[in-house]
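Structure record follows, encoded as structure tokens.
The model shown is predicted, which means the values in this text are computed figures rather than measured ones. So you know, we letter chains A, B, ... as the sequences are listed, proteins then strands, and number each from 1.
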Amino acid sequence: MRTHTCGELRADHLGKDVQLAGWIRFSRDHGGVLFFDLADAYGTTQVVFDPEAMSEKDDRESLERMLKSFGRESVISVAGKVRNRVPGTEDARNPTGQLEVLIERASLLNSSPPLPFEVADQKGSLLPSEDLRLRYRFLDLRRTQMANNLRFRHRLVAAARRALDAEDFVEVETPMLCRQTPEGARDFIVPSRIFPGTFYALPQSPQLYKQMLMVGGLDKYYQVARCFRDEDSRSDRQPEFTQLDVEMSFVEETDVQALTERVLASVWRSVYGKELVTPFPRITFYDAMHSYGTDAPDIRYDLRLQDVTDTVKAASYEIFQRVISKGGRVECMNVKAELMATTSNDETAVGRNEVDRLIEWAKGQGMGGLTWMRMTKDGLQSNIVKYFPREVTQALEAKMGAEEGDLLLFLAGSEIAALKAGGELRRKLAKDLHLLEGKDHQFVWLVGCPMFQKDSVSGQLEAFHHAFVKPVGGDIQEGEDVMCACGMSYDLVLDGSEIGSGSVRCHDPEVQRKVFKLLGMSDEKIEADFGYFLEALGYGAPPHGGIALGIDRLTAILLGCETIREVIAFPKNKKFQCLMDGSPAKVDEAKLSELQLLCLAGDEDTEE
RNA sequence: GCCCUGGUAGUGUAGCGGCCUAUCAUGAAGCCCUGUCGAGGCUUCGACUCGGGUUCAAAUCCCGACCAGGGCGCCA
């Protein structure tokens, strides 16, 4: 059907008879000479119909008529000779731009109606709305941007596979139909036909299976694993997503971290041809929360938070007083003058108007507002500085290292609210002040996470990561304050996004049982849901641990995409619908009957 | 469940109380053009998400619905 691809022809093909096949991206009719940009996955080649080069008049007329009828994105095959372009008309931007194929024969392989949106790259053409792109994803994927995204993702995954293979990891597939596990995210469930009224769940992750593989003596496992979680979507969340799932035996935290770094370094060499700086820096959960206001800090810029509660306590400023008296705290951030300097003049880019906008923004973040002070040569100044005794402002200047032109921003509230808003403020300022431009990617390990946290509503203990993390020290002692217990866990953070999470696991069934119990599970529940698992651990489970990296997020960050949907071939929309195939959709009554299911949703709930 | 943003020809947009019989680009259809490459020139086609309300007058203001996206909650 073709002798070459559309990206293949070079000078050494000159004079050869070739056959190409592809899509018509652009066509240009010069009232006699017809030009077509014929494109396929590998490139674009200009194919030309030149009437003066045709001998037989009849052939020429029928060929010309046919070629003129071809619309955009028609699929055609052309045969002809490769020749140099007319001198001066070469296209330096295209690798095949020195030459063209003179069409001698052509055939239409498939036609296309007018397109719902532009497939070809054009200067100044903006993307259509995303729902239209998802509805016609097959056309969207023809765009070079999407094609490049998928190819980059492939190279990344392939490099990771090669690296793991070289380290003797074994890729094992684990079931997609599994037992529903308690806790965690909402499951997608699948009814059993053979046992009506019972259900499988789709795996939220292969967690238990990979631990069982360790018990099974596999030693080193990995999988490019699809995971399913029925929780509301975000720009970096889809109901199904892909993890590079890894588990290894006889290891400690540092072994897994080092392996992860080696794999990523190998990926870097493969996709960028660059060395990745390892080991990655480590930051404790406590430091991350208190300096960056998040458990996924972006350490490429400073703007750290500092607790100034004790410093401002002495001020009569009522807003701070009220917060502090309720046990809250005041967080302060110093926005250095040089970060705000514009190139055009000496004025700072964050003037009073901008501060007012930040105050409005802070209110939108659920804060009461935002307090500011600007450092001048006469000390800190602002509309409310009169409520702050000189000793207090001087102490603030010293504590925050304030220099002339710096802007101090204060967030007051409960510890969690103030830190969280501070974290959001960092992100906002980094974006507004363009602090990330030209910055390399930066990985960081988040370590020292607690084992448990309390549910904000019920107060019930829940796992910080998941229920299988081994506590630091290997066990939880009698009478120990479990809220102070740390787990042997680690998150991998890239540019302010969590892209991986792992831990050393409880391999001792008694420790695991203790953790389950602390999480509020009854003996009966433990036995029913995890009996087989605890039993397995009891049969000589080796110490083991692992990690799972979010492939969608990693790829999206490296490509600079706003959402992971840009690196997924067929993503769901915000409501988990596939706009292309129309899923989810109703199934026949007969299917439901076979499963002995009754649908309670009325028509109004499910109709389009 | 909640909050925010946005819905104008096939696509991307302008207009944001009367100058709207709605701008521009792209597209589609047709014509012209023998070296372009987002070809060019000319002609034609094609739209205010829906339902209420305010007003002498609504694409424009208000309310509601629907659709899409971002976020909160949720995501061990």
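Between the C1' atom of B:G38 and the CZ atom of A:F36 lies a distance of 16 Å, rounded to the nearest Å. Note: CD (A:E130) to C1' (B:G70) measures 11 Å, nearest angstrom. Atom CG of A:D140 and atom C1' of B:U11 are 13 Å apart (whole Å).
No contact: A:D230 has no heavy atom under 4.0 Å from any strand. Residue-level contact check: A:N94 touches neither bases nor backbone, having no heavy atom under 4.0 Å from any strand. Using a 4.0 Å heavy-atom distance criterion, A:R565 is classed as a sugar-phosphate-only contact. Nucleic acid contact class of A:L132 (heavy atoms, under 4.0 Å, all strands): sugar-phosphate only. In this structure, A:F35 reaches the bases: a heavy-atom distance under 4.0 Å links it to at least one base atom across the strands shown.
When only modelled atom types and interatomic distance are considered, A:Q243 and A:R553 share no side-chain donor-acceptor pair under 3.5 Å.
Distances from the side chain of A:H30 to the nucleotides B:U34, B:A28, B:A68 place B:U34 closest. Of the candidates B:G35, B:G12, B:U36, the closest approach to any side-chain atom of A:E100 belongs to B:G35.
Note that CG of A:D236 is 10.5 Å distant from CZ of A:F241, once rounded to the nearest 0.5 Å. The CD1 atom of A:I76 sits 6.0 Å away from the CD1 atom of A:I103 when rounded to the nearest 0.5 Å.
In this structure, the side chain of A:R426 engages the main chain of A:D298 through a donor-acceptor pair within 3.5 Å. A donor-acceptor contact shorter than 3.5 Å is absent between the side chain of A:Q512 and the backbone of A:P509.
When both distances must be under 3.5 Å, the Watson-Crick or G-U wobble mate of B:C19 does not exist. In this structure, B:A65 forms a base pair with B:U49, meeting either the Watson-Crick or the G-U wobble geometry with both donor-acceptor distances under 3.5 Å. The nucleotide B:U13 finds no pairing partner, because no Watson-Crick or G-U wobble arrangement with both distances shorter than 3.5 Å includes it. With a 3.5 Å ceiling on both atom-pair distances, B:C33 lacks any Watson-Crick or G-U wobble partner. Base pairing analysis places B:U54 opposite nothing; no Watson-Crick or G-U wobble pair with both distances below 3.5 Å involves it. Of the nucleotides present, B:G71 is the one that pairs with B:C2 by Watson-Crick or G-U wobble criteria, both distances under 3.5 Å.
The local environment of CZ in A:R10 is crowded, with over 12 non-hydrogen atoms from other residues, nucleotides or ligands closer than 6.0 Å.
Comparing A:V86 and A:K574 against RNA chain B, the residue whose closest nucleotide sits nearer the 5' end is A:V86. When the nearest nucleotides of RNA chain B are assigned to A:N84 and A:S129 by heavy-atom distance, the more 5′-ward of the two goes with A:S129.
Between A:F530 and A:F516, the ring-plane angle classifies as parallel under the 30° and 60° cut-offs.
Applying side chain to side chain contact (heavy atoms under 4.5 Å, CB included) to A:H544 and the options A:K210, A:M214, A:K470 leaves one that passes, A:M214.
Proximity of A:K420 to the phosphate of B:G73: a side-chain N or O atom is located under 4.0 Å from OP1 or OP2. Checking the phosphate oxygens (OP1, OP2) of B:U36, no side-chain nitrogen or oxygen of A:R28 falls inside 4.0 Å.
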I'd like a table of atom pairs between the protein and nucleotides 74-76 of chain B - only N or O on both sides, under 3.5 Å - with the distance next to each one.
residue: B:C74; atom: O2'; partner: A:E231; partner atom: OE1; Å: 2.5
residue: B:C74; atom: O2'; partner: A:E231; partner atom: OE2; Å: 3.4
residue: B:C74; atom: O2; partner: A:R237; partner atom: NH1; Å: 3.4
residue: B:C74; atom: N3; partner: A:R237; partner atom: NH1; Å: 3.2
residue: B:C74; atom: N3; partner: A:R237; partner atom: NH2; Å: 2.9
residue: B:C74; atom: N4; partner: A:R237; partner atom: NH2; Å: 2.8
residue: B:C75; atom: O2; partner: A:R237; partner atom: NE; Å: 3.0
residue: B:C75; atom: O2; partner: A:R237; partner atom: NH2; Å: 3.3
residue: B:C75; atom: N3; partner: A:R237; partner atom: NH2; Å: 3.4
residue: B:A76; atom: OP2; partner: A:R229; partner atom: NH1; Å: 3.4
residue: B:A76; atom: O4'; partner: A:G184; partner atom: N; Å: 3.2
residue: B:A76; atom: O3'; partner: A:A463; partner atom: O; Å: 2.7
residue: B:A76; atom: O2'; partner: A:A463; partner atom: O; Å: 3.0
residue: B:A76; atom: O2'; partner: A:H465; partner atom: O; Å: 2.0
residue: B:A76; atom: O2'; partner: A:H466; partner atom: N; Å: 3.2

